[in-house]
There are 2 protein chains.
Amino acid sequence: MRRKSFEDFDCSLAQAADYLGDAWVLLILRNIFNGMRRFDEINSHLEIPTNTLSDRLKTLVGRGILRREPDPVDGRRAEYRLTPKGEGLYPIMIALVQWGECWEGSPAGPRIYLSSRTDGKPLPPVQVRDASGLPLTPRQVVAKPGPATTEHMRKLYGGNW
Amino acid sequence: MRRKSFEDFDCSLAQAADYLGDAWVLLILRNIFNGMRRFDEINSHLEIPTNTLSDRLKTLVGRGILRREPDPVDGRRAEYRLTPKGEGLYPIMIALVQWGECWEGSPAGPRIYLSSRTDGKPLPPVQVRDASGLPLTPRQVVAKPGPATTEHMRKLYGGNW
DNA sequence: CGGTATCCCATTTGATACTG
DNA sequence: CAGTATCAAATGGGATACCG
């Protein structure tokens, strides 16, 4: 059966979970963040069934995370590229890589090094920070309901985060 | 059919995707980050089938993201709490909330306000930053294969991120 | 309360083949 | 190349019942 829709939760995280709570979606996005743009390129690299890939790409386009552009030269080809909304997922993607590397690392050492072009130094872990850049723990963050909150969220965020 | 395993990719993001690429998992983790600890509490709030919840909790415990502690007073009860590995997901959770709020916001205004106890100010968006705190775009980040890299990853990260 | 155990069935996966 | 079409298998979702 299809999973219950999270629409009625009307919660920011539920929305994101609805979009990104799928392993293929995350891997496809990883490949696109890495510069892959064509169907077959992604297909051969991920060994994903073509109909599954087709389905996920359609959904991602439909949700405004990717845009599909026919190649002006060869009309048969299409390119999939990130929209600004899709680019907004960048901190999430990096945080996922860092978490995977930190907690599910290989005994043989790092699988990947991420560094910055600005100074050549390794990327520090993505963190939750306050306005002045201080890292925050969950207990230092307060959540309050906004005008568009729902009963569902109120029950959740009634306590502090 | 069961989804192909991502084990052989041996990639940090694939690992994370394998663990977190599930909508129920993300919502359960959200509730636990918000202080919920008991089975029924989560069950009633999410309206998730009990066997699905049971399955996800077992998997999360098995993967070291949650730990299960029998209540010392009432042995029938159990509490599910985040391990350090689970707490490491905090930046990802916040980034998901912020992305959902930013791009899938309600027309009625914000659903939630996140602020810091340190200064009372709103939380800035979680961002990828360099060692000195400067925000980075994808093009400013370089990925290089480490000693434990795989052919799969090499093909992906051959280009720059 | 805090789950586990069954059950059914629709969806989804993944293989294969095919088309423009 | 870029998908669409078809199909069998089986997983996973959800309902219900049950147990300590």
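Below, all heavy atoms of this structure are taken into account, side chains as well, without hydrogens, waters or symmetry copies. Here is the naming used below: chain letters follow the sequence lines, and residue numbers restart at 1 for every chain.
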Distance test, side-chain N/O of [X] to OP1/OP2 of [N], below 4.0 Å:
| X | N | result |
| --- | --- | --- |
| B:Arg3 | D:dT11 | no |
| A:Lys58 | D:dT4 | yes |
| A:Arg68 | D:dG3 | yes |
| B:Arg56 | C:dG3 | no |
| B:Ser54 | C:dT4 | yes |

Output the rounded distance in Å from [atom1] ([X]) to [atom2] ([N]).
| X | N | atom1 | atom2 | answer |
| --- | --- | --- | --- | --- |
| B:Asp40 | C:dG3 | CG | C1' | 9 Å |
| B:Ile42 | C:dG3 | CD1 | P | 9 Å |
| B:Asn51 | C:dT4 | CG | P | 10 Å |
| B:Glu41 | C:dG2 | CD | C1' | 12 Å |
| B:Leu53 | D:dG13 | CG | C1' | 13 Å |
| A:Leu57 | D:dG3 | CG | P | 8 Å |
| A:Arg37 | D:dA2 | CZ | P | 13 Å |
| B:Ile48 | C:dG2 | CD1 | C1' | 15 Å |

Legend entry - Toward the 5' end of DNA chain D, by each residue's nearest nucleotide, B:Trp24 or A:Asp55: A:Asp55
Inset, instruction - Assign each of A:Lys4 and A:Glu79 to its nearest nucleotide of DNA chain D by heavy atoms, then name whichever residue's nucleotide is nearer the 5' end. - result: A:Glu79
Inset, instruction - Examine distances only and state if a side-chain atom of A:Thr150 and a backbone atom of A:Phe9 form a donor-acceptor pair shorter than 3.5 Å. - result: yes
Legend entry - Under 3.5 Å donor-acceptor, B:Gln98 side chain and B:Pro124 backbone: yes
[X] side-chain proximity, nearest of [options]:
| X | options | answer |
| --- | --- | --- |
| A:Thr50 | D:dA17, C:dT16, D:dC1 | C:dT16 |
| A:Phe39 | D:dA2, D:dG13, C:dT4 | D:dA2 |
| B:Thr52 | D:dA2, C:dG14, D:dG13 | D:dG13 |
| B:Arg38 | D:dG13, C:dG2, D:dA2 | C:dG2 |

Inset, instruction - Verify the cluster assignment for A:Val61 and A:Val25: are they in a single hydrophobic cluster under the rule of side-chain heavy atoms below 4.5 Å apart? - result: yes
Legend entry - Interatomic spacing from CG in B:Asp130 to OG1 in A:Thr118 - rounded to 0.5 Å: 3.5 Å
Legend entry - Spacing of A:His152 atom NE2 and A:Asp10 atom CG [to the nearest 0.5 Å]: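 Going from the NE2 atom of A:His152 to the CG atom of A:Asp10 covers 9.5 Å.
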